[in-house]
*Asks:* 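Here it is, the structure, as structure tokens.
For ligands, and for the atoms within them, numbers begin at 1 and follow the listed sequence.
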Amino acid sequence: MNGLDVTSEPFIRLSVFILLLTILALLEFFSPRRQSHYPKSKRWLNNFGISILNTIVVALIIPVVGTGAALLASEMNWGLFNWLNIWPLIGIPLYILAFDLTIYLQHRLFHRFKPLWRLHRMHHTDLDYDVSTGVRFHPLSILFSAVIKLSLILILGPPGIAVLIAEIVLNGTSMFNHSNIKLPTKLDAALRYFIVTPDMHRIHHSIEAEEHSRNFGFNFPWWDKLFHTYKDQPSKEQAAIDLGIRGYHEEDSIGLFSLLTQPFRKDRETH
Ligand SMILES: [Zn+2]
Ligand SMILES: [Zn+2]
């Protein structure tokens, strides 16, 4: 499959994850953007615990995801790229772009429809904001997302390597833009031309409704600018933004059990 062995995907993804986690955690320690208010060890245990659970759930329920699906599409001659015989050098960036737009639209769906919002809300009820927030998603929202990604792969039939790159980039940028690191203002402004920065995405985690309906992008910042959902700066200073969802406090936002059952419990939102 375009020189890529499907069995190497988990190894490559895990290696990049550990490397990035180490770098970002060190930067958070030495140059934090904001002070943490809640016990980090407990939050990390739960946020990373959920991430491990998500990996297991997806592997068990949808075994053919990622590069495996691209291989299947290529063998069966499914998908636009295979029908049009798109050259991989064009197919790779084209797929990464289409994938990122899909993730942006999916994120807007998660906010737009109540049942999906209940699944996504758990990501927003984290009361601090750091690299672990970037992997904190409800398993059912990950399953929903896996079905969308699988559909995109089967519709487009991209090269396997494009699927692997897109997944690694998404995981990496999600960890980066949730990290509690302080970037120089000029660097943040320069990066924002092509990547969502922590200061940009943090606005999306604000408790204020007007702010949390902005900056849906995960990787490229262009979709927010194109669809007029971009907000450059928060109304308060970055260090003073109140994070979370009104009505959700520590007891609803940290324990693993509370996080998993949160979508099915009575709404506590107060606007
Ligand atoms: Zn969101
Ligand atoms: Zn987020």
*Asks:* What N/O/S atom of H178 is the closest to the Zn ion (ligand 2)?
*Replies:*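 Looking at H178, the N, O or S atom with the least distance to the Zn ion (ligand 2) is NE2.
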*Asks:* Identify each donor-acceptor pair in which a side-chain atom of residues 162-171 lies under 3.5 Å from a protein atom, sequence neighbours left out, and give them as a table.
*Replies:*
from : atom 1 : to   : atom 2 : distance (Å)
E167 : OE2    : K149 : NZ     : 3.1

*Asks:* Checking one residue: I207. Which other hydrophobic residues are in its cluster under the side-chain 4.5 Å linking rule?
*Replies:*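 I207 clusters with nothing; isolated.
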*Asks:* Would you give me the side-chain donor-acceptor pairs under 3.5 Å for residues 84-97, sequence neighbours excluded?
*Replies:*
none

*Asks:* Measure distances from the Zn ion (ligand 1) and count the protein N, O or S atoms below 2.8 Å.
*Replies:*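 Every protein N, O or S atom under 2.8 Å from the Zn ion (ligand 1) counted, the figure is 5.
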*Asks:* Looking only at the side chains, is there a donor atom on one of R136 and S174 sitting less than 3.5 Å from an acceptor on the other?
*Replies:* no
*Asks:* When you compare the side chains of S258 and E251, does any donor N or O come within less than 3.5 Å of an acceptor on the partner?
*Replies:*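 Their side chains do not contain a donor-acceptor pair, so the 3.5 Å distance test is not met.
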*Asks:* Indicate whether any N or O donor in one side chain lies under 3.5 Å from an N or O acceptor in the other, for H107 and H123.
*Replies:* no
*Asks:* Measure up the F216 and H111 rings against each other and bin them: parallel (under 30°), tilted (30 to 60°), perpendicular (over 60°).
*Replies:* perpendicular
*Asks:* Determine which of the N, O or S atoms in H201 is closest to the Zn ion (ligand 2) and give its atom name.
*Replies:*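 Answer by atom name: NE2.
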